[in-house]
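So the structure is just underneath, and the comments pick up after that.
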Amino acid sequence: KGSNYFVGVQYETEWKSYADVLAETRVTEKVKWIDMRGNHDAFDVPHLAHRENYFRKYSVEKGEGGRVFRYDHRTAFGWYAFIVLDAAPDPGLKRPFNFFGVLDREMTSDLVKSSRESAKANMTFILAHYTTSTIRMVDSASVRSVLRCREANASRLYAKALLSEIPLLPCVVIC
């Protein structure tokens, strides 16, 4: 925060520390580490490919999976799909407007497609930084249909702020 509470700032040193901790602990060799971009990661970032997009530079995922991507975890007892939704605005906004996410038509289409592709999974977890009440959705009917329970596969949206409340598989860490 800036001194006037309306300026959002990212500090590259913090991102370097984050990357160093991941490297030193070698945690990504032990578990699947899923980075998820949120409002602080998008502070004043002009566009996703910008040099000050430290998430792209220092995170594990680096945004390479796209704004919506899926990780499939397969075990002897089933298949679990994790769909990660990056609703952080592009371009990144400054305070106080950075508390809201955006889900455009392309992202909605990708979310629906990923959800359909994981329909036979034991469970599909949809992970996002923002809650649905703080995401501006161009096509909210499609998003609601994804979030409703389906025949054999219940999908749920877990907001990053609430992730400490759910018992995750021990091999998946969401940060």
Side-chain angles (χ1 to χ4, degrees), residues 15 18-19 21-42 48 53 55-90 99-175:
W15 278 100
Y18 173 73
V21 167
L22 293 178
E24 289 170 17
T25 61
R26 298 171 46 180
V27 68
T28 59
E29 296 172 19
K30 302 168 189 153
V31 298
K32 171 64 177 171
W33 191 272
I34 299 175
D35 289 312
M36 194 171 18
R37 206 167 69 107
N39 61 321
H40 290 260
D41 307 317
L48 291 172
N53 182 355
F55 180 86
R56 183 173 213 122
K57 188 173 182 180
Y58 294 106
S59 72
V60 173
E61 296 294 331
K62 299 190 184 334
E64 293 171 0
R67 304 287 308 271
V68 177
F69 67 92
R70 191 177 85 223
Y71 164 66
D72 292 332
H73 180 72
R74 296 182 187 273
T75 68
F77 51 87
W79 163 32
Y80 299 86
F82 294 82
I83 300 172
V84 180
L85 174 62
D86 172 4
D90 180 30
F99 294 104
F100 301 96
V102 177
L103 192 59
D104 63 22
R105 288 192 197 289
E106 181 182 348
M107 292 168 63
T108 300
S109 175
D110 291 345
L111 177 62
V112 170
K113 180 181 177 218
S114 290
S115 178
R116 285 185 182 142
E117 290 172 350
S118 65
K120 294 194 187 302
N122 292 37
M123 178 68 77
T124 299
F125 299 90
I126 301 174
L127 310 169
H129 177 79
Y130 301 90
T131 62
T132 54
S133 62
T134 61
I135 297 176
R136 180 186 174 279
M137 297 178 217
V138 174
D139 184 1
S140 60
S142 292
V143 174
R144 274 195 300 284
S145 72
V146 168
L147 298 179
R148 276 195 300 248
C149 292
R150 295 183 310 248
E151 290 176 22
N153 178 345
S155 292
R156 311 252 345 244
L157 175 99
Y158 293 100
K160 186 174 180 180
L162 306 175
L163 286 176
S164 62
E165 303 300 321
I166 62 171
L168 293 175
L169 297 171
C171 57
V172 178
V173 177
I174 294 114
C175 181

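Side-chain N or O atoms of S59 include none that pairs as donor or acceptor with a backbone N or O of R56 at under 3.5 Å. In this structure, the side chain of D72 does not engage the main chain of A81 through any donor-acceptor pair within 3.5 Å. For the pair D35 (side chain) and Y58 (backbone), a donor-acceptor distance under 3.5 Å is absent. Distance alone, capped at 3.5 Å, is enough to place a donor-acceptor pair between the R67 side chain and the A88 backbone.
The minimum heavy-atom distance linking P89 with V102 is given by the pair CB-CG2, 4.4 Å. S114 and V68 make their closest contact through OG-CG1, 4.2 Å (heavy atoms, listed as atom of the first residue, atom of the second, distance). When every heavy atom of M107 is checked against every heavy atom of A87, the shortest pair comes out as CE-CA, 4.0 Å.
Residues meeting the side-chain hydrogen bond (donor to acceptor under 3.5 Å, both in side chains) test with K57, sequence neighbours left out: E12.
The distance from atom CZ of F125 to atom CD1 of I34, rounded to the nearest 0.5 Å, is 11.0 Å. Atoms OG1 and CH2, on T124 and W79 in that order, are 7.0 Å from each other to the nearest 0.5 Å. Taking CG from D86 and CG from L48, the interatomic distance works out to 7.0 Å, rounded to the nearest 0.5 Å. Residue F55 holds its CZ atom at 7.5 Å from OH of Y18, rounded to the nearest 0.5 Å. The CG atom of L127 sits 13.0 Å away from the CZ atom of R70 when rounded to the nearest 0.5 Å. Atom NZ of K120 is separated from atom OG of S118 by 11.5 Å, given to the nearest 0.5 angstrom.
For E117, the CD atom is densely surrounded, since the number of other residues' heavy atoms within 6.0 Å is greater than 12.
In this structure, the side chains of L111 and I126 come closer than 4.5 Å at one or more pairs of heavy atoms. Looking at heavy atoms from C-beta onward, V84 lies out of side-chain contact with Y71 at the 4.5 angstrom threshold. Using a 4.5 Å heavy-atom cutoff, the side chains of R105 and T108 are not in contact. The side-chain heavy atoms of T75 and Y80, taken from C-beta on, include a pair separated by under 4.5 Å.
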